[in-house]
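Only one structure is covered here, and it is reproduced in the block below.
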4 protein chains.
Amino acid sequence: MVNTGGIAGEQLRSFIERIERLEEEKKGLAEDVKEVYAQAKATGFDPKIMRKVISLRKMDQADRQEQEALLDVYLHAIEGGEQVRPTAEVVAINE
Amino acid sequence: MVNTGGIAGEQLRSFIERIERLEEEKKGLAEDVKEVYAQAKATGFDPKIMRKVISLRKMDQADRQEQEALLDVYLHAIEGGEQVRPTAEVVAINE
Amino acid sequence: MVNTGGIAGEQLRSFIERIERLEEEKKGLAEDVKEVYAQAKATGFDPKIMRKVISLRKMDQADRQEQEALLDVYLHAIEGGEQVRPTAEVVAINE
Amino acid sequence: MVNTGGIAGEQLRSFIERIERLEEEKKGLAEDVKEVYAQAKATGFDPKIMRKVISLRKMDQADRQEQEALLDVYLHAIEGGEQVRPTAEVVAINE
DNA sequence: ACTAACCGTGA
DNA sequence: TCACGGTTAGT
């Protein structure tokens, strides 16, 4: 049996094409981003600095989420009876 | 003069927010992709292989463009006399 | 009981520092690897191909054949109405 | 001419083997890390929390470096005459 | 530098 | 066993 054009094939093709379409859209957005940087540069802003600013904003956000995640982890650990008491230690270790 | 709330600031903010919005959208699409993979997996397809397939399809596409580019390169190389690398060696080492 | 400067804290700090040291060493090795690639490139070898060679050597041969076989099956399954993609092509690319 | 045992081949092999050796060492270190986590767990610490702590410490470090990098970027931009004056804006945008 | 693949861990 | 996150490789 060499015929491979069955229903499974149809499905697979469908999935793959959906993914490829989504990837195309992503690519389009990436190009838009590039364009905005180009415009900004044209009006006199330094793209390098802009990237830094954006990355810092992202990091701040990440920090906040990380803090919450940490809290979560601790709370769960307390319930689970794991050894997490030396919280202050952690801070101390962290300089 | 410490006040920096001028027009430039407005513009910068605007650029940065546009970029951040675009990045958000990209992120959304990435999540959609993940979801499609999840569905596919749920219906019995192996995501890892799907990725391989997609990447091969992309390469095929790239290949076609590559062919044209290659022609270019050859034409230029004839003029420029670029070094030919020991590709056959590589195959040899690989058993 | 707020005092957290106990033995547990000491232990925790010790564990964490050991891990951090090991991670540092890993990072150092990663840099060394990069350097070797750079040297190789400087003497005329293509890093991309080198990576491929190394990855192939790492791959278990059995796994490799299995994956290729499965990949074949998928590719054929897709080829319901799409353009016919020669299997040998795939093998060639994958080499 | 199929013979591929030339000098280039020797060199290539040497590069590749060096890389493979370094990768082996990295792998060894990764195993050591795992072991430390295992020990820590055995003495009652929660590995998940330890990972969080380590990641936070790494982020702090990254933050500090990022700050310095940002400073650098600004200083250079000022020299270069790029539009970077709205520094306070940047901070403000950064919420 | 950014993106995609891989791997190891936790649920 | 699956899903996720972090890590590492590739472009």
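Below, chain A is the first sequence line, B the second, and so on; all start at residue 1.
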**Message:** With nearest nucleotide decided by heavy atoms, which residue, A:Glu66 or C:Ala30, maps closer to the 5′ end of DNA chain F?
**Reply:** A:Glu66

**Fill in**
Applying side chain to side chain donor-acceptor pair (under 3.5 Å) to A:Glu35 and not counting sequence neighbours gives none

**Prompt:** Between F:dC4 atom P and B:Glu35 atom CD, what is the distance in whole Å?
**Reply:** 10 Å

**Prompt:** Quick one: side chain to side chain donor-acceptor pair (under 3.5 Å) partners of A:Ser14, sequence neighbours excluded?
**Reply:** none

**Residues forming a side chain to side chain donor-acceptor pair (under 3.5 Å) with A:Glu66, sequence neighbours excluded** = D:Ser55

**Message:** What is the separation between atom CE on A:Met50 and atom P on E:dC2, rounded to the nearest whole Å?
**Reply:** 13 Å

**A:Phe45 with D:Leu71, same ILVMFWY side-chain cluster at under 4.5 Å** = no

Give every pair of a protein N or O atom and an N or O atom of nucleotides 5-11 of chain E that lie under 3.5 Å apart, one pair per line with the distance.
unit_1 : atom_1 : unit_2  : atom_2 : d
E:dA5  : OP2    : B:Arg51 : NH1    : 3.4
E:dA11 : OP1    : D:Lys48 : NZ     : 3.1

**D:Leu75-A:Leu56 co-clustered via ILVMFWY side chain contacts under 4.5 Å** = no

**Message:** Using the rule that Ile, Leu, Val, Met, Phe, Trp and Tyr join whenever any side-chain heavy atoms are under 4.5 Å apart, tell me whether A:Val53 and A:Met59 fall into a single cluster.
**Reply:** no

**Asked** What parts of residues 19-27 of chain D reach DNA chain F, counting only heavy atoms under 4.0 Å away?
**Response** D:Glu23, D:Lys26

Would you list the atom pairs, donor with acceptor, under 3.5 Å between side chains in residues 22-32 of chain C and any protein atom, with sequence neighbours excluded?
none

**Message:** side-chain contact (heavy atoms from CB on, under 4.5 Å) for D:Tyr37 and D:Arg51? Distances and angles first, verdict last.
**Reply:** CA-CA 9 Å; D:Tyr37 274 117; D:Arg51 284 177 194 281; 3.5 Å; yes

**Request:** Report the distance from atom CE of B:Met59 to atom C1' of F:dT11, rounded to the nearest whole Å.
**Result:** 12 Å

